[in-house]
Asker: 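This structure is in structure tokens; I'll ask about it shortly.
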Amino acid sequence: MNQVKKIAVIPGDGIGPEIVAEAVKVLRQIEKMFGYTFDFQYVIAGGSAIDQVGNPLPEETLSTCLAADAVLLGAVGGPKWDQNPPELRPEKALLALRKELGLYANLRPVSLIEGLEKRSTLRPDVVEGVDLIVVRELTGGIYFGEKQRNQSEQGEFASDLLIYYDYEIERIVRLSFEMAMKRRKFLTSVDKANVLESSRLWRSVVERVAKDYPEVTVEHMLVDNCAMQIVRQPAHFDVVVTENMFGDILSDEAAVITGSIGLLPSASLGEGQMALYEPIHGSAPDIAGKGIANPSATILSTAMMMRYSFGDEKAAQAIEEAVKAVIGRGEVTVDLAPAGQQALSTAEFGDRVVEQLVQRK
Ligand code: NAD
């Protein structure tokens, strides 16, 4: 019997609707191949929701997401809303959604697709074999600590409080160990324990949790060194876990390894199976409406959905292999096409991925 899954779909702004349409196309094929019935529930958020109802995250969107098994998001934002006051900014929708859904872990896998070695900003021999995942803590740390801006005798000052509770560290560290167990059993915990007390707490929690996972090799790395090693020897890493701000920076750094921002998926996980899946890139207003955006990152985000929300590794791999096969044949969108080569449109690329899946059947 088919498994019924409710998927809240937020196309969003800019290229969001174009790339999400291709991801849904691929999921429709997965339905047929792997015995699912997907109930897609389209809702609005971001700039388009501000325009339509004056609220970046309408109540109906939130309740639909809360009642869904997973959320698929395109991207939100664009120059049209850049001058809006803080409560009417598109990104408010994302922050509120993460908070309301209790999504504390952001996962960004980075692996090199065969055939794209030359697209990387790093030398082909350096990027060969890269297959890592950055796990970033998403709801704590300096971004959420108390903020102050005031005058004192020494002049104007500002401060941001960096605070972590051990339970916040433990849940993300445990999730990372679990992930490492399913991969190459190698965990790098990144901190700044030589300077920060919060990092010393982080490190002691990692040491404590490590006792429950004797098969996993753990290394502690200072964040400045990690920033260097990611470009020096990226293939060294398997699972990299770190706090919010370090993760924000390191995951963007790791992203350039693959050659195009249009290739990188992400998942934001919480306590339950419920999670949010989205490409790491934004709404790309410069190419919106042209039908040329690369939908790979969004399609690959649905592979993460199959893996982490529905526990279906086979379906996840089928999607990943199909995307890799199409790109490996040189059938790519304009961001990856060599000069002078005819590129595929967004929809054509989605069609090729579906055709590849059909052949596999
Ligand atoms: P961006 O990621 O949208 O675009 C950066 C560059 O990459 C652009 O040249 C764009 O054309 C290109 N690009 C991005 N995705 C692509 C794809 N799938 N295929 C081909 N090329 C692609 O970043 P930006 O320009 O800094 O931001 C644009 C808007 O997106 C802003 O309003 C920003 O706030 C928002 N944003 C949203 C999210 C999100 O929804 N999660 C994330 C980042 C930025």
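For the single chain, residues carry numbers from 1 onward in sequence order. This is a predicted model, so every value here is computed, not measured. Counting starts at 1 for both ligands and their atoms, following the listed order.
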Asker: Between R149 and E156 (salt bridge meaning N to carboxylate O under 4.0 Å), is one present in this structure?
Answerer: yes

Asker: Does a side-chain N-to-carboxylate-O contact under 4.0 Å join R200 and E197?
Answerer: yes

Asker: Determine the sole option in V53, V43, T64 for which the side-chain contact (heavy atoms from CB on, under 4.5 Å) test with P58 is passed.
Answerer: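 Among V53, V43, T64, the one meeting side-chain contact (heavy atoms from CB on, under 4.5 Å) with P58 is V53.
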
Asker: Going by the atom numbers of ligand 1, which of them fall below 4.0 Å from some non-hydrogen atom of A75?
Answerer: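 This gives 40 (O) as the contact atoms.
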
Asker: Report, in ascending order of atom number, the atoms of ligand 1 lying under 4.0 Å from any heavy atom of L94.
Answerer: 39 (C), 40 (O), 41 (N)

Asker: With atoms numbered from 1 as shown, which atoms in ligand 1 lie under 4.0 angstrom from a non-hydrogen atom of G77?
Answerer: 32 (O)

Asker: Any N/O of V76 closer than 3.5 Å to an N/O of ligand 1?
Answerer: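 Looking only at distances, the answer is yes, because the N/O contact criterion of under 3.5 Å is met.
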
Asker: So, are D248 and R136 salt-bridged, with charged N and O less than 4.0 Å apart?
Answerer: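 Judged by the 4.0 Å cut-off on N to carboxylate O distance, D248 and R136 do form a salt bridge.
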
Asker: Within a distance under 4.0 Å of any heavy atom of G78, pick out the atoms of ligand 1 and give their elements.
Answerer: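 Heavy-atom distances to G78 below 4.0 Å select 32 (O).
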
Asker: Using a plain distance cutoff, I'd like to know if A284 has any nitrogen or oxygen under 3.5 Å from a nitrogen or oxygen of ligand 1.
Answerer: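 Among all N and O atoms of A284, at least one is under 3.5 Å from an N or O of ligand 1.
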
Asker: In ligand 1, which numbered atoms sit nearer than 4.0 Å to a non-hydrogen atom of A293?
Answerer: 19 (N)

Asker: Which atoms of ligand 1 sit under 4.0 Å from any heavy atom of P285?
Answerer: 28 (C)

Asker: Under the side-chain hydrogen bond (donor to acceptor under 3.5 Å, both in side chains) rule, what do Y213 and E178 come out as? Steps first, then yes or no, please.
Answerer: CA-CA 8 Å; Y213 299 89; E178 290 291 331; 2.6 Å; yes

Asker: Quick test: of every protein heavy atom, which one is nearest to atom 42 (C) of ligand 1, and how far off is it to 0.1 Å?
Answerer: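 Nearest neighbour among protein heavy atoms for atom 42 (C) of ligand 1, to 0.1 Å: G282 CA, 3.6 Å.
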
Asker: Touching ligand 1 at all, D286? Heavy atoms, strictly under 4.0 Å?
Answerer: yes

Asker: Are D13 and K80 ion-paired here, with the side-chain N under 4.0 Å from a carboxylate O?
Answerer: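 Not counted as a salt bridge, because no side-chain N and carboxylate O are separated by less than 4.0 Å.
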
Asker: Any heavy atom of E278 sitting closer than 4.0 Å to ligand 1?
Answerer: yes

Asker: Is S283 near ligand 1, meaning one of its heavy atoms is under 4.0 Å from it?
Answerer: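 Yes, S283 has heavy atoms under 4.0 Å from ligand 1.
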
Asker: May I ask you to decide whether D160 forms a salt bridge with K147, counting only side-chain N to carboxylate O separations under 4.0 Å?
Answerer: yes

Asker: Return a yes/no value for D82: is any of its N or O atoms, backbone included, closer than 3.5 angstrom to an N or O of ligand 1?
Answerer: no

